[in-house]
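Note that this is a predicted model, so its numbers are computed, not measured.
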Amino acid sequence: MNRPTIGILAGMGPSSTGPFVDLVVAECRARYGARDDIDFPKMVILSQPAPFYHDREMDSAAVEAATVEGLQHLERAGADLIGMACNSVHMYFDRLAASISVPLLDIVADALDALPPGTRSVAIAASRPLAASGLYQRAAADRGLTVVEPAWQCRIDALQEMVKGETDAHLCALAWRELFQRLEDCDHVDAVIIACLDISGVFRFADPPVATVDSARSLAARLVEDWLAGCTRRPLPSSRSGPA
């Protein structure tokens with residue numbers, strides 16, 4: 001059977017690339033019992049340098065241009081569907097999707113789809129630029145969800161900086177605990193979405209007090225689901241199902 005090739009645009013930041021690929025592999029094992037090497041998808045993985053800096057404002061035009069370059073590189077390399085292992089670049093989703101002719105998956109819609117049934121209120125743990133953009137907030141509100149905004153951005157920033165160096169399990173666990181403590185100062189929160197691939201990479205050290213959706217895991221699951229759909233000749237998704 002002619003199976004599709006998965007494209008993964010990563011490298012934003014570099015430390016998130018390996019953990020995300022591991023999530024895709026783990027999803028294959030869990031979803032359809034992949035075991036031997038031949039059981040896994042063909043994947044084209046691009047770690048794309050992007051102009052993100054910790055000490056200055058993001059140049060949106062430069063980030064978008066770098067992302068388009070990466071997507072088109074993956075398409076030329078033979079990717080049949082692409083997932084972007086970065087939440088922030090989804091701020092330009094519509095233009096990015098229009099820049100290529102293969103399906104581009106939407107991490108925002110996938111994360112919201114993964115919320116537990118009955119969720120009414122949600123908090124979003126996102127990078128500073130993404131939080132300021134309001135992308136997830138609008139998408140959640142469009143689904144009738146109440147968005148709670150804890151005073152935790154500085155904690156998220158610190159956790160992002162931590163993963164750029166050596167990962168210390170104890171320090172990561174402590175940083176997560178301090179981050180989730182900020183929920184105590186908020187009204188009731190049913191669920192949290194981890195909307196930053198940097199901190200998703202160390203989510204294994206977290207002990208969340210409420211239901212928590214890791215956007216990286218949601219995207220990995222969708223990639224494998226659509227890869228399997230391609231194997232059975234069902235049509236692959238070709239448009240965004242979530243927020244604009």
- Message: Counting C-beta onward and ignoring hydrogens, is there a side-chain heavy-atom pair between M162 and I199 closer than 4.5 Å?
- Response: no

- Determine yes or no for a side-chain-to-main-chain donor-acceptor pair under 3.5 angstrom, with E75 supplying the side chain and S101 the backbone. yes

- Closest approach of S16 to L197 (non-hydrogen atoms, all atoms of both residues): CB-O, 3.6 Å

- Minimal heavy-atom distance between A211 and P116, with the atoms involved, is CB-CG, 3.8 Å

- Query: Distance-only, no hydrogens or angles: does the Q72 side chain make a donor-acceptor pair with backbone N or O of S99 under 3.5 Å?
  - Reply: yes

- Message: For a 4.5 angstrom cut-off between non-hydrogen side-chain atoms, does V163 reach V202?
- Response: yes

- Query: Given side chains that start at C-beta, do those of V44 and T5 come closer than 4.5 Å, heavy atoms only?
  - Reply: yes

- Test side chain to side chain contact (heavy atoms under 4.5 Å, CB included) applied to I194 and V213, step by step: CA-CA 6 Å; I194 306 300; V213 170; over 6 Å; no

- Task: Would you please name every residue forming a side chain to side chain contact (heavy atoms under 4.5 Å, CB included) with Q153, sequence neighbours left out?
- Result: R128, A131, I156, D157

- Query: How many angstroms lie between atom CZ of F40 and atom CZ of R29, to the nearest 0.5 angstrom?
  - Reply: 4.5 Å

- Got a donor-acceptor contact below 3.5 angstrom from the S47 side chain to the I45 backbone? no

- Looking at side-chain heavy atoms only, is the closest gap between I8 and M84 below 4.5 Å? no

- Is the shortest distance from a Lys or Arg side-chain nitrogen in R222 or D226 to a carboxylate oxygen in the other one below 4.0 Å? yes

- Query: Would you say T67's side chain and V63's backbone share a donor-acceptor pair under 3.5 angstrom?
  - Reply: yes

- Query: Taking the side chain from H90 and the backbone from V108, do they hold a donor-acceptor pair closer than 3.5 Å?
  - Reply: no

- Item | Counterpart residues, side chain to side chain contact (heavy atoms under 4.5 Å, CB included), relative to H188 (two or more places apart) | S121, D190

- Report the C-alpha distance between L115 and I193 in whole Å, list the side-chain angles of each, state the deciding distance to 0.1 Å, and finish with yes or no for side chain to side chain contact (heavy atoms under 4.5 Å, CB included). CA-CA 8 Å; L115 287 170; I193 294 178; 3.9 Å; yes

- Query: Nearest heavy-atom pair of P19 and S15: which atoms, and what distance?
  - Reply: CD-O, 3.1 Å

- Task: Spell out, as yes or no, whether a donor-acceptor pair under 3.5 Å connects the side chain of E178 to the backbone of R155.
- Result: no

- Between atom CD1 of I82 and atom CD1 of I100, what is the distance when rounded to the nearest 0.5 Å? 4.0 Å

- Query: Can T212 and F203 be said to form a side chain to side chain contact (heavy atoms under 4.5 Å, CB included), step by step?
  - Reply: CA-CA 10 Å; T212 302; F203 185 59; 3.5 Å; yes

- Smallest separation among heavy atoms of A123 and V189, with atom names: N-CG1, 3.9 Å

- Message: So does L171 get a backbone contact from the side chain of D168, meaning a donor-acceptor N/O pair under 3.5 Å?
- Response: yes

- R3 and D39: which non-hydrogen atoms are nearest, and at how many Å? NH1-O, 4.2 Å

- Is a side-chain N or O of S215 found less than 3.5 angstrom from the main chain of I107, in a donor-acceptor match? no

- Message: I need the minimum non-hydrogen distance between G7 and A79, along with the two atoms involved.
- Response: CA-CB, 3.7 Å

- Message: Looking at L183, is its backbone amide N or carbonyl O close enough to the side chain of W152 to form a donor-acceptor pair, meaning the two atoms are under 3.5 Å apart?
- Response: no

- Interatomic distance, L9 atom CG to Q48 atom CD [nearest 0.5 angstrom]: 6.0 Å

- Message: Could you measure the distance from the CD atom of E64 to the CG atom of L96? Nearest 0.5 Å is fine.
- Response: 5.5 Å

- Query: Is there a donor in the side chain of D214 and an acceptor in the side chain of S200, or the other way round, less than 3.5 Å apart?
  - Reply: yes

- Query: Looking only at atom types and distance, does a side-chain atom of Y136 sit under 3.5 Å from a main-chain N or O of N87, one as donor and one as acceptor?
  - Reply: no

- Query: Do S133 and L130 come within less than 4.5 Å of each other through their side chains, counting heavy atoms only?
  - Reply: yes

- Task: Using the salt bridge (charged side-chain N to carboxylate O under 4.0 Å, His left out) rule, take D22 and R204 through it: C-alpha gap first, then chi angles, then the decisive distance, then the call.
- Result: CA-CA 13 Å; D22 288 343; R204 63 189 181 278; over 6 Å; no

- Task: Kindly indicate, with the supporting measurements, whether the criterion side chain to side chain contact (heavy atoms under 4.5 Å, CB included) is fulfilled by M43 and V24.
- Result: CA-CA 10 Å; M43 294 186 277; V24 175; 3.7 Å; yes

- Is the number of heavy atoms from other residues, nucleotides or ligands within 6.0 Å of CZ (R31) greater than 12? yes

- Item | Separation of S60 OG from Y92 OH (nearest 0.5 Å) | 3.5 Å

- Message: Between I6 and Y32, is there shared hydrophobic-cluster membership here, with clusters defined by ILVMFWY side-chain heavy atoms closer than 4.5 Å?
- Response: yes

- Nearest 0.5 Å please: distance from the CG atom of L223 over to the OG atom of S218. 11.0 Å

- Sequence neighbours excluded, which residues qualify as ring pair (Phe, Tyr, Trp, His ring centres under 6.0 Å) partners of F180? W176

- Any side-chain heavy atom of V148 within less than 4.5 Å of one from I124? no

- Query: Thinking salt bridges, do D110 and R217 make one under a 4.0 Å N-O criterion?
  - Reply: no

